[in-house]
Amino acid sequence: MKIKFTLLFTLVTIAYSFAQMGSVGHLTIFSDSGDKFFLILNGEQQNDVAQTNLRVEDLNQPYYNAKIVFEDKTINEISKNNLMITDVDGVYSDVTYRIKRDKNVKSKAKLNYFSAIPVEPGFVPPSNVHVVHYGQPRQVVVQQVGGVSQTTTTTTRQSDGVNVGIGVNAGGVNMGISINDSMGGNVTQTTTTTTTHSGTNIGQVEEVEVRGCGRRSCMTPGNFNAAMATIEQQSVEDTRLKTAKQVITANCLNVDQIIQIANTFSFEDNKLNFAKYAYDYCTEPRNYFKLNGIFSFSSNVDELSDYVQSKQ
């Protein structure tokens with residue numbers, strides 16, 4: 001009987017491990033120089049409005065052919081075949097690519113790999129990232145009565161719910177195993193905007209997105225440790241700062257996590273730079289005073305305090 005239950009436990013462990021493996025990846029592309037762009041994946045345009053920081057979620061293929069078309073027509077298009085969404089082991093990841101302008105030729109730009117972290121279920125991007133869901137276009141409904149229009153924008157995302165069933169016959173004993181990952185289900189966000197117009201015809205609909213890190217969850221310990229390892233691998237401090245900013249641009253952090261990243265910098269100017277940048281991505285801004293302890297000079301403490309007050 002002990003052998004039977006050992007077998008059962010092993011099968012449950014294996015099944016749950018497979019259940020936790022993500023079947024989709026996510027892609028973030030940002031422009032270093034702030035150039036707005038359109039992204040085309042496998043011939044399908046992802047964003048109707050040009051963006052500088054775009055995230056495409058729920059990608060279910062390991063590779064995509066990508067094309068970047070800039071709003072500024074003086075910049076040449078970028079084409080990249082076999083853009084990877086998985087790691088070297090074929091596991092879907094949350095990958096980031098960077099658009100960088102050529103220093104010598106203004107009309108040229110390159111799309112380079114930047115970073116990759118494990119897929120985090122339930123992740124909520126910060127407010128400055130425009131998010132689209134691959135194969136699930138945003139639905140916009142416009143209702144107009146007289147001079148008042150009401151725009152309802154609804155986004156529905158299918159989270160990674162998993163059901164696993166296993167039938168086992170061990171020594172003549174039949175055992176059934178069922179695993180239901182409770183994180184599954186649809187997450188729907190609806191934003192309604194009512195606008196009064198003097199005329200009767202409306203030719204443009206504006207989409208409104210409500211995002212941010214207030215009341216959101218911070219990075220899980222596992223994902224944060226992976227991000228820290230990536231940051232600490234950068235030997236040049238300026239590169240480390242850019243990497244740290246990219247990590248928090250796609251994630252929400254608590255104060256202690258922000259302090260840990262800030263302490264990887266040797267120069268106080270970089271600590272201050274990062275502390276200011278990270279404020280918008282903090283899940284507990286009321287406790288931001290804790291960052292005062294990372295500085296050796298009171299002038300930096302005062303500057304950060306003034307900055308935080310200006311944001312409130």
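Values below: all heavy atoms of this structure, side chains included; hydrogens, waters and symmetry mates excluded.
- Side-chain contact between Ile259 and Ile294 is present, with at least one heavy-atom pair separated by less than 4.5 Å.
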Q: Begin with the C-alpha distance, continue with both residues' side-chain angles, and end with the deciding distance and a verdict on side-chain contact (heavy atoms from CB on, under 4.5 Å) for Lys290 and Ile258.
A: CA-CA 10 Å; Lys290 293 181 180 180; Ile258 293 173; over 6 Å; no
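- Enclosure of atom NZ in Lys36 is not indicated, since only 12 or fewer non-hydrogen atoms of other residues, nucleotides or ligands lie within 6.0 angstrom.
- Side chain of Glu120 to backbone of Pro118: no donor-acceptor contact under 3.5 angstrom is found.
- Side-chain N or O atoms of His26 include one that pairs as donor or acceptor with a backbone N or O of Asp58 at under 3.5 Å.
- Between the side chain of Gln234 and the main chain of Thr243, no donor-acceptor pair closer than 3.5 Å is present.
- Taking the side chain as every heavy atom from C-beta outward, Val308 and Leu291 never approach each other to under 4.5 Å.
- With Tyr277 as the aromatic partner, Lys245 meets the cation-pi criteria of under 6.0 angstrom to the ring centre and within 45 degrees of the ring axis.
- By the criterion of side-chain heavy atoms lying less than 4.5 angstrom apart, applied directly or through intervening Ile, Leu, Val, Met, Phe, Trp or Tyr residues, Val132 is grouped together with Tyr97 in one hydrophobic cluster.
- Only one option out of Val56, Val95, Thr96 pairs with Thr28 in a side-chain contact (heavy atoms from CB on, under 4.5 Å); it is Thr96.
- With values rounded to the nearest 0.5 angstrom, Gln233 atom CD is found 13.0 Å from Thr239 atom OG1.
- Taking hydrophobic clusters as Ile, Leu, Val, Met, Phe, Trp and Tyr residues chained together by side-chain heavy-atom distances below 4.5 Å, Tyr63 shares a cluster with Ile68.
- Heavy-atom minimum distance, Ile261 versus Phe274: CG2-CZ, 3.3 Å.
- With contacts defined as side-chain heavy-atom distances shorter than 4.5 Å, the pair Leu39/Ile29 qualifies.
- Side-chain atoms of Asp87 come within 3.5 Å of backbone N or O of Val91 as a donor-acceptor pair.
- For Arg240 and Glu232, the salt-bridge test fails: no basic side-chain N is under 4.0 Å from an acidic carboxylate O.
- The CD1 atom of Ile99 sits 9.5 Å away from atom OG1 of Thr52, with the distance rounded to the nearest 0.5 Å.
- The structure places CG of Asn273 at 5.0 Å from CG of Leu241, a figure rounded to the nearest 0.5 Å.
- Just one of Arg98, Lys100, Arg101 meets the salt bridge (charged side-chain N to carboxylate O under 4.0 Å, His left out) condition when paired with Asp35; it is Arg101.
- Using cut-offs of 30° and 60° on the angle between ring planes, the pair Phe30 and Phe114 is perpendicular.
- A pairwise comparison of heavy atoms in Tyr64 and Asn42 identifies CD2-ND2, 3.3 Å as the closest pair.
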Q) Hey, mind stepping through Ser107 and Thr74 against side-chain contact (heavy atoms from CB on, under 4.5 Å) and telling me if it holds? A) CA-CA 6 Å; Ser107 62; Thr74 63; 5.8 Å; no
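- Side-chain contact between Leu272 and Tyr307 is absent, with no heavy-atom pair separated by less than 4.5 Å.
- Contact record, Tyr92 with Ser23: CE1-O, 3.6 Å, taken as the closest heavy-atom pair.
- Grouping the Ile, Leu, Val, Met, Phe, Trp and Tyr side chains by contacts below 4.5 angstrom, directly or via other members, places Val131 apart from Ile40.
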Q: Could you go through the side-chain contact (heavy atoms from CB on, under 4.5 Å) check for Ile85 and Leu83 one step at a time?
A: CA-CA 7 Å; Ile85 307 300; Leu83 186 144; 3.7 Å; yes
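- A donor-acceptor contact under 3.5 angstrom links the side chains of Thr220 and Asn223, judged on distance only.
- When all heavy atoms of Ser217 and Cys252 are compared, the closest pair comes out as O-CB, 3.6 Å.
- Atom NZ in Lys271 sits 9.0 Å away from atom CD in Glu237 (nearest 0.5 Å).
- The shortest side-chain heavy-atom distance between Phe38 and Asp48 does not fall under the 4.5 Å cut-off.
- Under the 3.5 Å distance criterion, with hydrogens and angles disregarded, a donor-acceptor pair is assigned to the side chains of Asn128 and Tyr281.
- Under the 3.5 Å distance criterion, the side-chain polar atoms of Thr230 are matched with a main-chain donor or acceptor of Ala226.
- Contact of the Leu54 side chain with the Val129 side chain is not registered, since no non-hydrogen atoms from C-beta on lie closer than 4.5 Å.
- Considering only heavy atoms from C-beta on, Phe70 comes within 4.5 Å of Ile78 through its side chain.
- For the atom pair CZ of Phe224 and CD of Gln257, the computed distance is 5.0 Å after rounding to the nearest 0.5 Å.
- Residue Val255 is grouped with residue Met228 when hydrophobic side chains (ILVMFWY) are merged at heavy-atom distances under 4.5 angstrom, including chains of intermediate members.
- A salt bridge links Asp94 to Arg55: one of the charged nitrogens lies within less than 4.0 Å of a carboxylate oxygen.
- Counting only N and O atoms by type, the side chains of Ser115 and Gln246 include no donor and acceptor under 3.5 Å apart.
- Side-chain polar atoms of Asn287 and Glu284 form a donor-acceptor pair below 3.5 angstrom.
- The two atoms that bring Ala275 and Phe295 nearest to each other are CB-CZ, 4.4 Å, heavy atoms only.
- Side-chain contact between Asn65 and Asn82: present, with at least one pair of heavy atoms (C-beta onward) separated by less than 4.5 Å.
- For the pair Lys311 and Asp280, the salt-bridge criterion is met [side-chain N within less than 4.0 Å of a carboxylate O].
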Q. So Glu71 and Phe37, side-chain contact (heavy atoms from CB on, under 4.5 Å) or not? Walk me through it.
A. CA-CA 5 Å; Glu71 186 178 53; Phe37 61 89; over 6 Å; no
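- Leu27 and Val69 end up in different hydrophobic clusters when Ile, Leu, Val, Met, Phe, Trp and Tyr side chains are linked at under 4.5 Å.
- Rounded to the nearest 0.5 angstrom, Leu304 CG and Gln309 CD are separated by 10.0 Å.
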